[in-house]
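Here is the structure we will look at, set down as structure tokens.
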Amino acid sequence: MPERKPRKDAARNRAAALAAADTLFTRCERPEEVTMADIAAAAGVGKGTLFRAFGDRTGLIRALYGARLQPIEDAVEEGPPPLGPASPPLQRVPALLDAVLCFKLDNRHLALALEETGTDSPYRTEHYERWHALLRDLLERIPGVADSDFAAHALLAATRADLVAHLAGEKRMPREELRDRLAKFTAGVLGASGEAGLRAGP
């Protein structure tokens with residue numbers, strides 16, 4: 001019984017740190033401005049608590065990114081069409097990419113922070129490898145799509161956080177225009193039949 005309190009405290013501190021980091025990344029001008037000291041102060045915990053819970057700033061960013069992405073991953077794994085597994089590839093591929101783009105738009109600074117951690121190639125992260133494998137497998141089922149492996153990389157490149165930040169921030173491209181352009185680009189990769197999947201996402 002005495003061991004339960006530290007576990008509850010650790011879980012509470014972790015939740016407070018993730019909530020504080022979420023708020024700070026949402027409100028910041030640039031993601032690199034958010035430090036572990038800032039997060040600790042906002043969460044009301046010591047810096048040592050953060051390092052014990054997450055290892056370092058990159059570990060905290062990855063944990064927060066994973067928590068924010070979880071609802072989309074759940075919808076992809078077991079949700080209804082167009083994101084869920086029962087949806088045909090021609091509708092599911094555009095919906096998946098639209099969901100990724102919307103996630104990057106809604107979590108722009110957090111996604112950018114993850115890509116800018118510099119500890120490893122962004123193409124070797126668990127999230128990227130999972131999305132790439134899913135898209136590649138779906139593209140293999142669409143007649144006329146050449147080199148599904150490369151095509152999956154090319155489609156995901158259009159949703160990179162730095163590109164999204166450039167277009168939505170510096171270029172001030174409206175959200176709906178970004179979504180429409182991505183849908184048309186995706187349709188081009190899928191071929192003429194890809195027109196049926198234009199903006200299948202919400």
Side-chain angles (χ1 to χ4, degrees), residues 22 25-31 64-116 122-123 125 127-202:
D22 194 15
F25 277 115
T26 299
R27 296 178 178 176
C28 71
E29 291 292 328
R30 294 176 299 180
L64 177 57
Y65 189 92
R68 297 286 289 172
L69 189 62
Q70 192 61 53
I72 296 178
E73 293 185 334
D74 290 343
V76 169
E77 291 177 5
E78 54 189 17
L83 286 179
S87 185
L90 274 176
Q91 282 74 51
R92 199 178 184 202
V93 169
L96 288 169
L97 291 164
D98 186 64
V100 172
L101 174 62
C102 289
F103 176 83
K104 296 288 182 71
L105 286 167
D106 293 338
N107 301 274
R108 195 181 312 168
H109 290 155
L110 174 61
L112 199 57
L114 182 64
E115 287 186 4
E116 291 178 346
Y123 305 106
T125 63
H127 298 300
Y128 185 88
E129 290 181 345
R130 186 183 306 128
W131 282 99
H132 175 265
L134 176 58
L135 282 172
R136 181 198 61 216
D137 293 346
L138 289 170
L139 292 170
E140 287 177 351
R141 296 165 53 194
I142 300 176
V145 175
D147 196 347
S148 59
D149 186 80
F150 179 81
H153 282 302
L155 289 169
L156 286 173
T159 68
R160 274 186 57 90
D162 53 357
L163 177 61
V164 172
H166 172 70
L167 294 176
E170 296 178 31
K171 295 294 185 180
R172 299 187 181 279
M173 188 178 294
R175 181 188 186 94
E176 292 307 304
E177 182 178 349
L178 264 172
R179 294 179 69 193
D180 286 337
R181 287 195 178 193
L182 177 61
K184 290 174 182 176
F185 174 68
T186 303
V189 173
L190 299 182
S193 57
E195 293 293 333
L198 274 175
R199 281 292 298 278

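As a basis for the values below, the full set of heavy atoms in this structure was taken, side chains included, without hydrogen atoms, waters or symmetry mates.
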Taking atom CD of Glu29 as the centre, report whether more than 12 heavy atoms of other residues, nucleotides or ligands fall under 6.0 Å from it. no

Could you please spell out the steps behind the side chain to side chain contact (heavy atoms under 4.5 Å, CB included) verdict for Arg160 and Tyr128? CA-CA 10 Å; Arg160 274 186 57 90; Tyr128 185 88; over 6 Å; no

With rounding to the nearest 0.5 angstrom, report the CD to CG distance, Glu115 to Leu110. 10.5 Å

Determine, stepwise, if the pair Leu96 / Leu138 fulfils side chain to side chain contact (heavy atoms under 4.5 Å, CB included). CA-CA 11 Å; Leu96 288 169; Leu138 289 170; 3.4 Å; yes

Look up atom CZ in Arg172 and atom CG in Leu167, then write down how far apart they are to the nearest 0.5 Å. 13.0 Å

Is there a donor-acceptor pair under 3.5 Å between the side chain of Asn107 and the backbone N or O of Phe103? yes

Between Ser87 and Gly84, is there a donor-acceptor pair closer than 3.5 Å when you use the side chain of the first and the backbone of the second? no

How far apart are the closest heavy atoms of Leu97 and Leu182, and which atoms are they? O-CD2, 3.5 Å

Value for NZ (Lys104) from OG1 (Thr159), rounded to nearest 0.5 Å, stands at 4.0 Å

When you compare the side chain of Leu190 with that of Pro94, does any pair of heavy atoms fall below 4.5 Å? yes

Testing Asp149, Asp147, Val145 for side chain to side chain contact (heavy atoms under 4.5 Å, CB included) with Leu139, which one passes? Val145

How long is the straight-line distance from CG of Leu101 back to CZ of Arg181, given to the nearest 0.5 Å? 12.5 Å

Of all heavy-atom pairs linking Ala151 and Val189, the shortest is CB-CG1, 4.2 Å

Testing the basics here: between Ala95 and Leu83, what is the closest heavy-atom pair and its distance to 0.1 Å? O-CD2, 3.4 Å

Using the six-membered ring wherever Trp is involved, compare the ring planes of Tyr65 and His127 and label them parallel, tilted or perpendicular (cut-offs 30° and 60°). tilted

Using every non-hydrogen atom in the two residues, find where Leu163 and Ala158 come nearest and quote the distance to one decimal. CD2-O, 3.7 Å

Here the gap from Leu135 atom CG to Leu156 atom CG, rounded to the nearest 0.5 Å, amounts to 5.0 Å

Step by step, work out the side chain to side chain contact (heavy atoms under 4.5 Å, CB included) result for Leu134 and Arg92. CA-CA 10 Å; Leu134 176 58; Arg92 199 178 184 202; 4.0 Å; yes

Look up atom NZ in Lys184 and atom CG in Asp180, then write down how far apart they are to the nearest 0.5 Å. 6.0 Å

Any side-chain heavy-atom pair from Arg175 and Cys102 closer than 4.5 angstrom? yes

Verify, without hydrogens or angle tests, whether His109 (side chain) and Phe25 (backbone) share a donor-acceptor contact under 3.5 angstrom. yes

Going through the distances and angles, do Arg136 and Leu155 end up as a side chain to side chain contact (heavy atoms under 4.5 Å, CB included)? CA-CA 10 Å; Arg136 181 198 61 216; Leu155 289 169; over 6 Å; no

Minimum side-chain heavy-atom gap Arg68-Leu64 below 4.5 Å: yes

